[in-house]
Amino acid sequence: MTAVLGRSSVPVSPLGLGTAPLGNLYRVVPEPDVTATIDQAWESGIRFFDTAPHYGLGLAERRLGAALAGRPRAEYTISTKVGRLLVPDPDGASRRDDEGFDVPADLRRVWDFSADGVRRSLEGSLERLGLDRIDLVLIHDPDDHWAEAAGQAYPALHELRAQGVIGAIGAGMNQTAMLTRFVVETEVDAVLVAGRYTLLDPSAADDLLPACAERGVSVLAAGVFNSGLLATDNPPADATYDYQPAPATVRERAAAIGAVCRRHGVPLPAAAIAFAGARPEVASVLLGARAAAEVAANAAAAETRIPDALWQDLTNEGLLPPPPGGQESHFPAL
């Protein structure tokens, strides 16, 4: 089952593969593991792949393009992002990147949401991916750049979409307020929201999801494990929440949710995926992975049927707000 993004004709599979880990996020991923990860995603029915120049200073884009080369182009959807230009920095070749990716710092990121920056960024992404078109382009993390992002990057993408150069446009962020502005004030097709519609933080339901429902904008739900805390049945003491050590109160809440899941025989990660995927505004749930086994486990979790009573128990115990219209269906099978 696939969904189409907003008013576009760009399809996405119910599960998408996020490629930040394949850009050596936190640690090196050997090339064979990269290929195996993407091969497993394909075998699992995943046809939506999200990347960005930011991920490993272009490494994730290069690896994704190489791993998909030879597959029928019409059978998969690629999204990448604009807002950070990669500029050569020869002096950094002896250093490692300081933004979390284990790669040489021979390039540096320069914020640029200008129309020219958008076009230059896309040219670079196409070259790294080895493609002649990108299906979905997202304005990436414009938190401190609203005026330029809305006034220059968005119009440039709007024009490229009108010309048929790209299929769909949107924005991707870790917050909902500015994404909601994009939905209300522009004609984006989709928004990628990371970590704000999860079992631990369903705040996107307060503003972003209703706006998307009203405007016909699709949601791509990322970070549904909140960077690790919901990724296992028994969250460890050193689990992360939004890329930081999880506070004790948040760990306790995750453990309580996990206990309810166990009562119903449901893995916690399966419930986390299902929670995000059950909203009609959500077209795809994006899950990052660095190994084939992780992809296979996520795909299996996504097919787990979630009993209605689990959502009711979470609500009754104050662990979830009452879901609008109920969340009775399990995540669609791949």
Side-chain angles (χ1 to χ4, degrees), residues 5-6 16 18-20 25 50-55 79-84 99-100 109 111-113 118 121 136-154 157 168-230 240-247 249-250 253-254 272-273 275-277 279 281-288 320-321 323-324:
L5 297 177
T19 64
L25 180 63
D50 176 72
T51 190
H54 172 53
Y55 303 157
S79 64
T80 194
K81 305 179 182 77
V82 296
R84 292 174 174 91
E99 294 200 28
R109 303 168 181 85
W111 290 106
D112 192 334
F113 293 94
V118 163
S121 182
L136 167 65
V137 179
L138 300 165
I139 300 170
H140 199 189
D141 295 337
D143 302 70
D144 300 320
H145 307 272
W146 166 259
E148 192 178 23
Q152 297 187 49
Y154 167 73
L157 292 178
I169 62 175
M173 304 180 71
N174 295 290
Q175 57 145 299
T176 64
M178 191 176 289
L179 285 180
T180 303
R181 286 194 69 181
F182 274 107
V183 171
V184 173
E185 300 180 27
T186 73
E187 294 180 352
V188 293
D189 301 292
V191 291
L192 190 162
V193 58
R196 304 285 77 84
Y197 191 63
T198 75
L199 287 172
L200 290 171
D201 182 355
S203 57
D206 297 334
D207 53 359
L208 181 61
L209 297 187
C212 288
E214 182 176 347
R215 298 274 292 176
V217 173
S218 297
V219 175
L220 307 171
V224 301
F225 297 150
N226 283 118
S227 84
L229 192 52
L230 299 175
T240 57
Y241 176 76
D242 286 355
Y243 308 102
Q244 301 292 329
T249 54
V250 180
R253 187 155 169 262
I273 296 170
F275 176 78
R279 281 288 295 235
E281 301 92 343
V282 175
S284 185
V285 175
L286 274 168
L287 301 173
L320 277 183

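All heavy atoms count here, side chains included; hydrogens, waters and symmetry mates do not. Since we're looking at a predicted model, the values are computed, not measured.
Between Y55 and K81 there is a side-chain heavy-atom pair separated by less than 4.5 Å. Within the 4.5 Å cutoff, side-chain heavy atoms of D242 are placed close to those of R196. Looking at N174 and D141, their side chains come closer than 4.5 Å, going by heavy atoms from C-beta outward. Side-chain contact check for L220 versus L136: some heavy-atom pair is nearer than 4.5 Å. Residues F182 and V217 form no side-chain contact, since every pair of their non-hydrogen atoms from C-beta on lies 4.5 Å or further apart. At a threshold of 4.5 Å between non-hydrogen side-chain atoms, the residues R279 and L209 count as touching. A 4.5 Å side-chain heavy-atom check between L287 and I273 finds at least one atom pair inside the cut-off.
Taken from NE2 in H145 to CG in D143, the straight-line distance is 8.0 Å, to the nearest 0.5 Å. Atoms CG and CZ, from L230 and R253 in turn, are 9.0 Å apart once rounded to the nearest 0.5 Å. Taking CZ of R215 as the reference point, atom CD of E281 lies at 15.0 Å (rounded to 0.5 Å). Taken from CZ in F275 to CG in L320, the straight-line distance is 5.0 Å, to the nearest 0.5 Å. With rounding to the nearest 0.5 angstrom, the OG atom of S218 is 12.0 Å from the CG atom of L192. Atoms CD and CG, on E99 and L25 in that order, are 11.5 Å from each other to the nearest 0.5 Å.
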Legend entry - Trace of the side chain to side chain contact (heavy atoms under 4.5 Å, CB included) decision for D112 with E148: CA-CA 8 Å; D112 192 334; E148 192 178 23; 4.3 Å; yes
Legend entry - From CA spacing to verdict: side chain to side chain contact (heavy atoms under 4.5 Å, CB included), Y241, L200: CA-CA 9 Å; Y241 176 76; L200 290 171; 3.9 Å; yes
Legend entry - Verdict with supporting geometry, D206 and T176, side chain to side chain contact (heavy atoms under 4.5 Å, CB included): CA-CA 9 Å; D206 297 334; T176 64; over 6 Å; no
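Minimum interatomic distance between W111 and H140 (heavy atoms only, all atoms of both residues): CZ3-O, 3.8 Å. For the pair V282 and A276, the tightest heavy-atom approach, listed with the atom from each and the gap, is CG2-O, 3.3 Å. When all heavy atoms of L5 and A283 are compared, the pair lying nearest together is CD2-CB, 4.1 Å. Nearest heavy-atom pair across L138 and A190 is CD2-O, 4.2 Å. Pairing each heavy atom of F113 with each of G83, the nearest pair is CE2-CA, 3.5 Å. For the pair Y154 and E187, the tightest heavy-atom approach, listed with the atom from each and the gap, is OH-N, 2.9 Å.
A donor-acceptor pair under 3.5 Å links the side-chain atoms of S227 to the main chain of Y243, judged by distance alone. Remark: the backbone N or O of H54 is paired with a side-chain donor or acceptor of R109 at under 3.5 angstrom. The main-chain N or O of G18 is never found under 3.5 Å from a side-chain atom of D50 such that the two would form a donor-acceptor pair. Between the side chain of T198 and the main chain of F225, no donor-acceptor pair closer than 3.5 Å is present.
A 6.0 Å sphere centred on CD of E214 holds no more than 12 heavy atoms belonging to other residues, nucleotides or ligands.
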